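Structure first, then comments.
Fair warning: this is a prediction, and the values are worked out from it, not measured in the lab.
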Amino acid sequence: MGKTAKYLTPVAVAVILALLPTPEGLTTTAHYFFALFLGVIVGLIVEPIPPALIGLIGVSIAASLGLVAESPKESAVWALSGFSNTVIWLIFTAFMFALGYKKSGLGKRIALMLIQRLGKTPLGLGYAIALADGVLSPFMPSNTARSAGTLYPVAINIPQMFNSLPDHEPRKIGSYIAWVAMASTTVTSSLFVTAMAPNLLAISLVEKGTGLVITWQSWFYTMALVMIPLLLLVPLLTYIIYPPTQKSSPDAPDWARKELAKMSGVTRNEWLMLGLGLLALVLWIFGQAIGIDSTVAALLVLCLLVLSGVVTWDDIIGNTAAFNVLIWFATLVAMATGLRKVGFLDWSADLAAQALTNLAPMHVALTLLVLFFVFHYFFASVTAHIVALLPLFLEVANSLLPVSMVHALAYLLVGTMGVMGIITPYATGPSPVWYGSGYISQSAWWGLGAIFGGIYLGGLVILGLFTL
C-alpha cells in the first residue's frame with residue numbers, strides 16, 4: 001500500500017461509515033463516534049503516521065465535536081481520562097525498568113546465563129520464557145507487572161546478544177522471543193484467577209449476575225484443561241507460524257560462558273537493580289494485602305532507581321519509546337470508554353440478544369462466547385471490556401439459557417479475558433510494551449493476533465462443547 005493510500009484509507013472508512021444511515025436504535029452521535037473509532041482502528045492497522053498520533057487525533061476530533069460529552073470541559077476531561085489509568089503508568093514504568101536492567105548490565109548477565117543453559121536453539125529459549133511466566137503467574141495479579149515489568153527487561157536482552165535488533169535482522173531471533181513472551185502471558189492470564197487483576201473483578205460480576213461462586217480451584221480446574229496444553233504449545237506454534245531465521249546456535253552456550261567471564265564480578269549497580277527488581281516483585285505479589293497498589297509500587301521503585309543512580313532523570317525524560325506508548329495507550333483507552341459512554345456497546349448487546357432469540361441453546365452459548373471474544377477488538381483495556389460487556393452478556397444468557405448452561409458459559413466468558421489480550425497491539429497491558437520493543441511490525445502483530453486468537457478461541461469452544 002502506497003503512502004497516500006495509507007493516509008486516505010482510515011479517513012475514507014470513517015467518512016463513508018458516518019455518511020451511511022444511522023441504524024435504528026442508535027443515536028446519531030454514537031454512529032458518528034463509532035465511525036471515528038473505526039477510522040482510528042484502520043489507521044492503527046495501516047499506520048500512515050505514528051500510532052500515538054493517530055490516537056491523539058481521534059480523541060481530539062471526538063472532543064472538539066462534542067461526540068462524547070456536551071460541555072467543552074466534560075469533553076476535555078474525557079479526552080484526558082486515559083492518562084489517569086493506572087495500567088498505563090505501570091506500562092510506562094516497565095520501560096524504565098528495562099532501561100535499568102540494560103544500563104546496570106544485569107539484563108545482559110541474566111540473558112547470557114539463559115543462553116548458556118538453553119541457548120542451543122531459539123525454541124529452548126522460547127520455552128524458558130514461557131515457563132518463567134507460568135511460574136510467576138499464580139502469584140502476580142498483574143500481567144503487566146509480570147510480563148512487561150519483570151520478564152521484558154530480561155528477555156529483551158537475549159536477541160541483542162545475537163545481534164538481532166529492531167532495525168537489524170529482527171526476525172533472526174528477536175521477533176520470535178517477543179511473540180512467545182506475549183502469547184505466553186495471555187495464556188497464563190487465563191489459567192489462574194490470580195494471574196490478572198480483572199479476573200477478580202469478573203468473578204464478582206458473575207456472582208452478582210448469576211449467583212455462581214467461582215473459586216480459585218474451580219477456575220483452575222476448568223481452565224487448565226485448555227490453557228496448560230496451549231502454554232506448552234505456544235513456543236512450538238510460534239516456531240512454526242512465525243519462525244526465527246536462526247534455527248540453531250550450537251556455539252552460543254560456549255560464547256555466553258566466555259562473555260560472562262569477561263563481565264567479571266557483579267557490580268554495585270547490578271546488585272542495586274536486582275534488589276530493587278525483587279522489591280518490585282514482592283510489592284506486586286503482596287502489595288494489595290498491605291494497601292499498596294501495583295502501579296504505586298512501580299512508581300516508588302522507579303524513584304529509587306533514579307535516587308540510587310541506576311538510571312538518571314535524563315534517562316527517564318529521554319525515553320521517547322516510553323512516552324510514545326504512554327500517549328498511544330492513554331488515547332486508545334479514552335476512545336474505548338467513549339464507545340460505552342455514547343451507548344454503542346449497549347446497542348450492540350441488545351442487537352445480539354434479538355438475533356439469538358430463535359437459536360438452539362448450544363448455539364446461543366457458543367455465539368455469545370465468540371462475540372464476547374471478538375468484541376475485544378473495540379477495547380484497549382480488559383477491565384473496561386469486563387465492566388462494559390460481561391454483565392450484558394450474562395443478562396442475555398440468563399434470558400435465553402437454562403441455569404446450568406449459564407453457569408458453564410460464565411466460566412468460558414471469564415476464561416477468554418486473558419487470551420483475548422493477544423489479538424491487537426493494545427488489547428492488554430503488556431501488549432504496548434512488547435510491541436514497543438520494535439521487533440514485531442503493526443501488520444505482523446494483527447496477523448499473528450488473528451491466528452493465535454483463533455487458536456485460543458478454538459480451544460475454549462472445544463471446552464464449551466464438553467461443558468455446556
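Distance check, rounded to the nearest 0.5 Å: CE of Met227 to OG of Ser190 gives 4.5 Å. With values rounded to the nearest 0.5 angstrom, Tyr101 atom OH is found 9.0 Å from Leu276 atom CG. Interatomic distance, NZ of Lys3 versus NZ of Lys6, reported as 9.5 Å (0.5 Å rounding). Atom CZ of Phe452 and atom CG of Leu230 lie 10.0 Å apart (nearest 0.5 Å). Within the model, atoms CG of Leu394 and CG of Leu409 stand 7.0 Å from one another, a figure rounded to the nearest 0.5 Å. Distance CG/Leu304 to CE/Met273: 10.5 Å, rounded to 0.5 Å.
When Thr186, Thr185, Asn143 are each tested for a side chain to side chain donor-acceptor pair (under 3.5 Å) with Asp133, only one passes: Thr185.
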side-chain contact (heavy atoms from CB on, under 4.5 Å) between Thr312 and Val306, worked out = CA-CA 5 Å; Thr312 67; Val306 178; 5.9 Å; no

Residues Thr428, Ser431; criterion side-chain hydrogen bond (donor to acceptor under 3.5 Å, both in side chains); working and verdict | CA-CA 6 Å; Thr428 189; Ser431 303; 5.4 Å; no

Could you go through the side-chain contact (heavy atoms from CB on, under 4.5 Å) check for Val414 and Ile214 one step at a time?
-> CA-CA 10 Å; Val414 296; Ile214 298 178; 4.2 Å; yes

With side-chain hydrogen bond (donor to acceptor under 3.5 Å, both in side chains) as the test, would you mind laying out the steps for Trp434 and Ser147 before giving the verdict?
-> CA-CA 9 Å; Trp434 288 105; Ser147 182; 2.9 Å; yes

Test log, rule side-chain contact (heavy atoms from CB on, under 4.5 Å), inputs Leu366 and Leu465 | CA-CA 8 Å; Leu366 292 179; Leu465 294 174; 3.8 Å; yes

Is there a side-chain contact (heavy atoms from CB on, under 4.5 Å) between Val382 and His376 once you walk through the steps?
-> CA-CA 8 Å; Val382 176; His376 196 59; 4.1 Å; yes

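With contacts defined as side-chain heavy-atom distances shorter than 4.5 Å, the pair Tyr426/Ile41 qualifies. Side-chain contact between Val433 and Met182 is absent, with no heavy atoms from C-beta onward closer than 4.5 Å. For the pair Thr222/Leu463, a side-chain contact is recorded, criterion being any heavy-atom separation below 4.5 Å from C-beta on. For the pair His407 and Thr210, the minimum side-chain heavy-atom distance is below 4.5 Å. Residues Ile316 and Trp313 have side chains in contact (heavy-atom distance under 4.5 Å, counting atoms from C-beta outward). Counting only heavy atoms from C-beta outward, the side chains of Leu390 and Val206 approach each other to under 4.5 Å. At least one side-chain heavy atom of Ile49 sits under 4.5 Å from a side-chain heavy atom of Ile57. Contact annotation: the side chain of Ile462 never approaches that of Val226 to less than 4.5 Å [non-hydrogen atoms, C-beta and beyond].
In this structure a side-chain-to-backbone donor-acceptor pair under 3.5 Å is missing from Ser189 to Met196. Under a 3.5 Å cut-off, the side chain of Ser164 and the backbone N or O of Gln160 do not form any donor-acceptor pair. Here the side chain of Lys172 pairs a donor or acceptor atom with the backbone of Phe162 at under 3.5 angstrom. Asn269 contributes no side-chain N or O that, together with a main-chain N or O of Lys103, makes up a donor-acceptor pair within less than 3.5 Å. Arg171 places a side-chain N or O within 3.5 Å of a backbone atom of Pro243 that can act as its donor or acceptor partner. Between the side chain of His385 and the backbone N or O of Met417 there is no donor-acceptor pair closer than 3.5 Å. Without hydrogens or angle criteria, Thr238 side chain to Val180 main chain gives no donor-acceptor distance under 3.5 Å. Judged purely by atom type and a 3.5 angstrom limit, Trp445 has no side-chain atom pairing as donor or acceptor with the backbone of Trp179. The main-chain N or O of Leu191 is never found under 3.5 Å from a side-chain atom of Thr188 such that the two would form a donor-acceptor pair. Between the side chain of Thr337 and the main chain of Ala334, a donor-acceptor pair closer than 3.5 Å is present.
Here the closest non-hydrogen pair linking Ile54 and Gly43 is CD1-O, 3.2 Å. For the pair Val419 and Tyr456, the tightest heavy-atom approach, listed with the atom from each and the gap, is CB-CD1, 3.5 Å. The shortest non-hydrogen separation linking Glu270 to Val266 is CB-CG1, 3.5 Å. In plain terms, the two heavy atoms of Ala365 and Leu401 that are nearest each other are CB-CD1, 4.1 Å. Shortest non-hydrogen contact noted between Met223 and Leu460 is SD-CD2, 4.3 Å. Nearest approach of Thr467 to Ala408, heavy atoms of both residues: O-CB, 3.4 Å.
Checked against a 6.0 Å centroid threshold, the rings of Tyr152 and Phe97 do not count as neighbours.
Aromatic ring orientation, Trp328 versus Tyr435: tilted (interplanar angle from 30° to 60°). Ring geometry for Phe220 against Trp216 counts as parallel: the plane angle stays under 30°, on a 0 to 90° scale with 60° as the upper cut. Note: Tyr176 and Tyr239 have perpendicular aromatic rings, judged against thresholds of 30 and 60 degrees for the angle between ring planes.
Among residues two or more places apart in sequence or in another chain, the ring-ring contact (aromatic ring centres under 6.0 Å, His included) test is passed with Trp219 by none.
In this structure, Lys247 places its NZ atom where more than 12 heavy-atom neighbours from other residues, nucleotides or ligands lie under 6.0 Å away. Enclosure of atom CE in Met405 by more than 12 non-hydrogen atoms of other residues, nucleotides or ligands within 6.0 angstrom is indicated. Atom CZ of Arg117 has 12 or fewer neighbouring heavy atoms from other residues, nucleotides or ligands inside a 6.0 Å radius.
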